Number of protein chains: 2
Amino acid sequence: MFRMTKFTGYGVVLLMHMARQPDDETHSVTELANEAYLPLPMAQKVLKRLARKGLVESQRGVNGGYRLARPADRITALDIIDALEGAVALTQCAAELDLGSKHDRCEREAYCAASHAWQEINLIVQNALRNVSLRDMVALEWEKSGLRITISGE
Amino acid sequence: MFRMTKFTGYGVVLLMHMARQPDDETHSVTELANEAYLPLPMAQKVLKRLARKGLVESQRGVNGGYRLARPADRITALDIIDALEGAVALTQCAAELDLGSKHDRCEREAYCAASHAWQEINLIVQNALRNVSLRDMVALEWEKSGLRITISGE
DNA sequence: TAAAATGGGACTAAAAAAGTACTGATTGTT
DNA sequence: AACAATCAGTACTTTTTTAGTCCCATTTTA
């Protein structure tokens with residue numbers, strides 16, 4: 001329904017790990033990759049992106065590493081997805097839907113009609129995502145895993 | 001941010017066209033494809049899927065075609081996306097995030113933690129989408145295109 | 001200056017999306 | 001009954017995106 005790439009999934013796992021530790025502590029990619037059971041190069045890639053987008057800060061050199069750029073309750077799900085998912089589609093109207101051929105003007109109009117609807121939906125979804133913070137995600141983790149034990153042994 | 005395939009985009013355009021006409025009227029694929037400026041085979045593909053998922057009804061033979069299976073205000077954005085986007089990812093936890101290698105048990109645990117958060121988010125998004133109907137989409141189209149004219153000539 | 005980190009890309013392979021084509025099954029009209 | 005219009009199913013090809021790896025440059029500290 002709402003699709004997310006693995007890349008973003010990895011990012012969340014890495015960020016959650018940092019969010020569980022004290023704020024000022026830095027974490028090397030090696031450490032983070034181990035924690036998340038991710039191949040090192042992949043973790044590097046994700047973290048570099050997060051750094052460039054300003055969600056984490058980096059410190060080079062010996063004993064360097066990454067840490068959250070701001071407290072976990074001020075990093076939203078929307079921030080994370082925006083950062084990792086790349087500039088995204090949905091409301092690109094004609095440009096995106098264009099099959100690249102004849103019909104030039106009229107085509108646009110047909111699609112633009114629909115695009116108004118999608119813009120609206122897009123806003124709704126964004127608002128929903130803005131209301132979930134990284135801190136919430138970590139909190140949910142405990143709530144739910146607690147529940148889990150009571151329910152089943154699987 | 002929230003990514004939708006072109007396929008779904010086409011579906012919306014086709015459904016909106018039907019929603020603008022009287023409910024009982026049937027529309028041939030040829031007609032719909034022309035209206036939407038879509039290649040015929042593509043429109044066929046989309047409509048077949050919509051029919052199989054029960055969003056539209058089909059009538060074979062001469063003068064046959066498609067029509068909405070229920071009134072436009074009872075078809076939600078969620079219905080449409082579910083039908084066209086295929087079973088979707090997001091909350092598939094380990095199965096999806098698995099890099100397919102060593103780390104078997106522990107890996108799961110790391111990702112499942114994050115998945116609780118995503119499940120929650122997924123629910124929020126779904127609710128948002130359930131509140132937008134095909135009729136709303138058509139309505140938005142007019143509202144906004146009215147605005148548009150006043151603002152700019154582009 | 002050597003070692004431990006991140007930074008920025010380029011590159012490859014696998015998977016998914018986008019688009020087309022073909023063949024079969026109904027149904028209404030003559 | 002034959003024909004033509006119309007949907008149904010599925011297989012196939014091409015293109016685009018994802019996923020993952022690698023290499024070399026830069027920064028920092030001991």
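Below, chains carry the letters A, B, ... as their sequence lines are ordered, and counting in each starts from 1. Note that the structure is predicted; figures quoted are calculated from it, not measured.
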Would you kindly give the NZ-to-P distance between B:Lys6 and C:dA17, to the nearest whole Å?
13 Å
For A:Leu84 against A:Gly11, the heavy-atom pair lying closest together:
CD1-CA, 3.7 Å
Those residues at least two apart in sequence (or on a different chain) that pass side-chain contact (heavy atoms from CB on, under 4.5 Å) with A:Ala72 are A:Ala19, A:Leu68, A:Leu134, A:Arg135
Do any pairs count as a side chain to side chain donor-acceptor pair (under 3.5 Å) and have a residue in residues 51-66 of chain A, sequence neighbours left out, and if so which ones?
A:Glu57-A:Arg67
Would you say that A:Asn131 contacts A:Thr76 through its side chain, given a criterion of any heavy-atom pair below 4.5 Å between the two side chains?
no
Strand-adjacent residues in residues 58-68 of chain A, judged by heavy atoms under 4.0 Å from DNA chain C:
A:Ser58, A:Gln59, A:Arg60, A:Gly61, A:Val62, A:Gly65, A:Tyr66
Are the side chains of B:Glu85 and B:Phe7 in touch, meaning some heavy atoms are under 4.5 Å apart?
no
Give every residue pair that meets the ring-ring contact (aromatic ring centres under 6.0 Å, His included) criterion with at least one member in residues 14-35 of chain B, sequence neighbours excluded.
B:His17-B:His27
Nearest-angstrom distance from the residue atom CD of B:Gln44 to C1' of D:dA11:
15 Å
For B:Arg49 and D:dC7, what is the distance between atoms CZ and P respectively, to the nearest whole Å?
18 Å
Between C1' of D:dT16 and CZ of B:Phe7, the distance in whole Å
17 Å
Polar-atom pairs under 3.5 Å, protein N or O versus N or O of nucleotides 9-16 of chain C: list them with distances, or write none.
none

Please identify each residue that fulfils salt bridge (charged side-chain N to carboxylate O under 4.0 Å, His left out) with B:Asp79, with sequence neighbours left out.
B:Arg70
What is the distance, rounded to the nearest whole Å, between atom CG of B:Leu84 and atom C1' of C:dA17?
14 Å
With a cut-off of less than 4.0 Å, is there a side-chain N or O of A:Tyr10 near OP1 or OP2 of D:dG20?
yes
Considering only heavy atoms from C-beta outward, does the side chain of B:Met137 approach that of B:Ile80 to under 4.5 Å?
yes
To the nearest Å, give me how far apart CD (A:Glu31) and P (C:dA4) are.
17 Å
Rounded to the nearest Å, what distance is computed from the CG atom of residue A:Leu32 to the C1' atom of nucleotide C:dA5?
13 Å
To the nearest Å, how far apart are A:Tyr37 OH and D:dG20 P?
18 Å
Compare every heavy atom of A:Ala36 with every heavy atom of A:Val13, then report the nearest pair and how far apart it is.
CG1-CB, 3.7 Å
